[in-house]
Asks: 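Following this message is one structure expressed as structure tokens.
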Amino acid sequence: MKFNTKVIHAGVHPDASTGAIMTPIYQTSTYVQDEIGVHKGFEYSRTGNPTRQALENNLAAIEGGKYGACFGSGLAAIDAIVKMLNPGDEVISTNDLYGGSYRIFTTIFEKYGIKFHFVNMLDIQNIEEKINDKTKLIWTETPTNPMLNIIDIKKVCDLAHENNIMVGVDNTFATPYLQNPLALGADVVMHSVTKYLGGHSDVIMGALVTNDDKIAEEIYRIQNSSGAVCGPMDSFLVLRGIKTLHLRMQRHCENGEKIAHFLNNHPLIDTVYWPGLKSHSNHEVAKSQMKDFGGMISFNLVGDDLEMAKRVVSKTELFTLAESLGGVESLIGHPSTMTHASIPREERMKSGVVDSLIRLSVGIEDIEDLISDLKNALMV
Ligand SMILES: *Cc1c(COP(=O)(O)O)cnc(C)c1O
């Protein structure tokens with residue numbers, strides 16, 4: 001099956017007992033056993049639920065993996081991966097990381113004796129320098145938030161595997177439509193399903209996908225033992241969301257491209273960060289590992305004027321001021337005072353998160369309306 005067919009058909013079957021074409025919401029905690037140990041494959045919904053299982057199989061299929069596992073949030077999925085490690089183990093993570101991932105690593109897992117190194121992965125040598133006998137996991141994320149940097153997944157995986165290290169990729173920004181890290185060598189892929197996969201800003205969920213039997217066994221053991229599972233209603237909503245993932249992503253990319261070019265030609269704008277622009281510093285890597293360039297765009301203003309940036313984000317009407325991303329509606333955000341406010345100014349300035357940086361999650365509305373909204377907001 002090709003991708004556009006998989007999103008609709010993989011993992012789901014008409015309900016055998018009623019013929020319902022849509023996977024029912026199995027809103028149940030437990031399952032009747034005919035005799036002790038004789039059941040239909042489900043015993044208790046923390047361990048397994050038919051709606052969740054349909055979604056897990058669908059996600060595995062669209063990400064090109066054998067096994068999928070869903071969790072109560074993206075961070076719960078990351079939590080499950082790190083729980084595969086032991087005290088004394090070391091992790092090398094990209095320094096250009098989702099803030100919540102940084103927080104769970106440093107404030108939860110460091111105190112259990114796991115050591116994290118945060119390095120700039122645009123240069124592979126920075127990873128190499130930190131590898132030692134204790135390194136068990138390399139954790140990466142691309143495109144990154146909010147600078148839209150592109151890390152070369154295959155290069156990271158080749159280096160990791162020479163050293164017998166597991167690689168995990170947070171594929172939230174790209175989605176399986178744009179990028180398949182497993183095919184590039186990753187051992188496990190993570191999604192904040194909350195974003196593009198759900199796609200309608202109505203669910204918090206996370207997922208892991210792998211091809212590796214041993215990793216899968218560990219993931220399911222931890223999913224059941226720690227219990228951070230998602231519910232059947234949310235699983236149903238995401239199954240429904242994924243059926244249009246290919247169409248939504250296509251439009252996110254088309255709108256993203258037009259807006260990136262509009263911004264790039266605007267006199268008040270200094271730099272536009274969108275991996276599809278030839279001027280983007282990792283454009284060639286993006287071209288080689290992504291199918292298209294997505295709808296996430298960041299830009300900063302000439303003169304780096306904080307007050308002007310604040311006026312712009314408050315003046316847009318269609319681009320709503322909010323955290324999160326990946327829904328059908330367009331959102332606008334101001335990283336230095338919102339998502340990245342907890343990072344000291346010096347630190348964030350170094351990575352490009354300047355005072356006037358603005359981030360867009362370009363939705364799938366009409367492109368003329370979106371551009372005129374930005375045009376108006378930029379008349380400051
Ligand atoms: C949102 C997000 C997460 C965390 O996912 P939640 O569903 O909010 O727990 C992790 N990584 C990236 C890149 C994200 O955007």
Side-chain angles (χ1 to χ4, degrees), residues 52 55 59 63 68-83 91 93-109 116 118 121 137-151 153 167-179 181 186 188-209 223 226-231 234-235 237-238 241-242 249 252 273 275 290 294-298 322-327 331-333 335 338-343 351 353 359-363:
R52 189 179 94 212
L55 173 61
L59 275 169
E63 193 53 280
C70 289
F71 296 85
S73 70
L75 285 173
I78 294 177
D79 180 81
I81 292 197
V82 185
K83 281 179 177 159
V91 178
S93 165
T94 172
N95 61 353
D96 199 357
L97 188 67
Y98 176 71
S101 310
Y102 179 80
R103 184 175 54 203
I104 191 173
F105 290 166
T106 55
T107 70
I108 306 284
F109 285 111
F116 294 86
F118 298 93
M121 291 195 176
L137 172 67
I138 293 180
W139 184 256
T140 187
E141 181 183 318
T142 179
T144 67
N145 176 31
M147 297 313 296
L148 282 307
N149 280 316
I150 304 292
I151 292 164
I153 297 173
V167 179
V169 177
D170 182 337
N171 203 28
T172 301
F173 268 42
T175 82
Y177 174 84
L178 292 179
Q179 173 173 286
V188 57
V189 171
M190 173 261 157
H191 284 283
S192 171
V193 175
T194 312
K195 315 293 166 50
Y196 287 103
L197 292 173
H200 296 74
S201 308
D202 51 9
V203 170
I204 297 283
M205 192 190 290
L208 299 176
V209 178
Q223 184 192 38
S226 285
V229 294
C230 56
D234 284 357
S235 302
L237 284 171
V238 173
I242 288 176
M249 287 311 294
H252 283 297
Y273 300 94
M290 296 172 75
M296 296 302 300
I297 303 172
S298 291
E323 291 191 10
S324 198
L325 61 115
L331 300 179
I332 192 164
M338 292 169 72
T339 47
H340 291 62
S342 60
I343 305 172
S351 62
V353 186
R359 190 191 79 176
L360 303 178
S361 172
V362 177

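Here the structure is a predicted model, which means the values were calculated and not measured. Start at 1 and go down the list; that is how both ligands and their atoms are numbered.
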Asks: Considering only protein heavy atoms, which is closest to atom 5 (O) of ligand 1, and at what distance to one decimal place?
Replies: Ser192 OG, 2.9 Å

Asks: Which of the numbered atoms in ligand 1 are below 4.0 angstrom from a heavy atom of Glu141?
Replies: 13 (C)

Asks: May I ask which of Phe71, Tyr98, Tyr196 has a heavy atom nearer to atom 3 (C) of ligand 1 than the others do?
Replies: Tyr98

Asks: Counting only nitrogen or oxygen atoms and a 3.5 angstrom limit, does Asp170 reach ligand 1?
Replies: yes

Asks: Backbone or side chain, does any N or O of Ser101 fall under 3.5 Å from an N or O of ligand 1?
Replies: no

Asks: When the aromatic ring centroids of His191 and Tyr196 are compared, is their separation below 6.0 Å?
Replies: no

Asks: Report the C-alpha distance between Asp96 and Thr94 in whole Å, list the side-chain angles of each, state the deciding distance to 0.1 Å, and finish with yes or no for side-chain hydrogen bond (donor to acceptor under 3.5 Å, both in side chains).
Replies: CA-CA 5 Å; Asp96 199 357; Thr94 172; 5.7 Å; no

Asks: I'd like to know whether ligand 1 has Asn145 as a neighbour, heavy-atom separation below 4.0 Å.
Replies: no

Asks: Answer with yes or no after comparing the ring centroid distance for Phe109 and Phe116 against a 6.0 Å cut-off, counting only values under it.
Replies: no

Asks: Does Met190 reach ligand 1 with a nitrogen or oxygen that is under 3.5 Å from one of the ligand's nitrogen or oxygen atoms?
Replies: no

Asks: With the side chain counted from C-beta on, respond yes when Val188 and Ile81 share a heavy-atom pair under 4.5 Å apart, and no when they do not.
Replies: yes

Asks: Looking only at N/O atoms, are Leu75 and ligand 1 under 3.5 Å apart anywhere?
Replies: yes

Asks: From Lys83 NZ over to Ser226 OG, what is the distance, rounded to the nearest 0.5 angstrom?
Replies: 3.0 Å

Asks: With a cut-off of 4.0 Å, which atoms of ligand 1 are near a heavy atom of Ser73?
Replies: 7 (O), 9 (O)

Asks: Near Met205, which atoms of ligand 1 are under 4.0 Å from a heavy atom of that residue?
Replies: 7 (O)

Asks: How many angstroms lie between CE in Met249 and OG1 in Thr175, if you round to the nearest 0.5 Å?
Replies: 4.0 Å

Asks: Looking only at protein heavy atoms, which one is nearest to atom 15 (O) of ligand 1, and how far off is it?
Replies: Lys195 NZ, 2.7 Å

Asks: Among all the protein's non-hydrogen atoms, which is closest to atom 6 (P) of ligand 1, and how far away is it?
Replies: Gly74 N, 3.3 Å

Asks: Would Lys195 and Ser324 satisfy side-chain hydrogen bond (donor to acceptor under 3.5 Å, both in side chains), going step by step from the backbone distance to the final call?
Replies: CA-CA 7 Å; Lys195 315 293 166 50; Ser324 198; 5.0 Å; no

Asks: Quick check for you: to the nearest 0.5 Å, what is the distance between Leu208 atom CG and Leu59 atom CG?
Replies: 10.0 Å

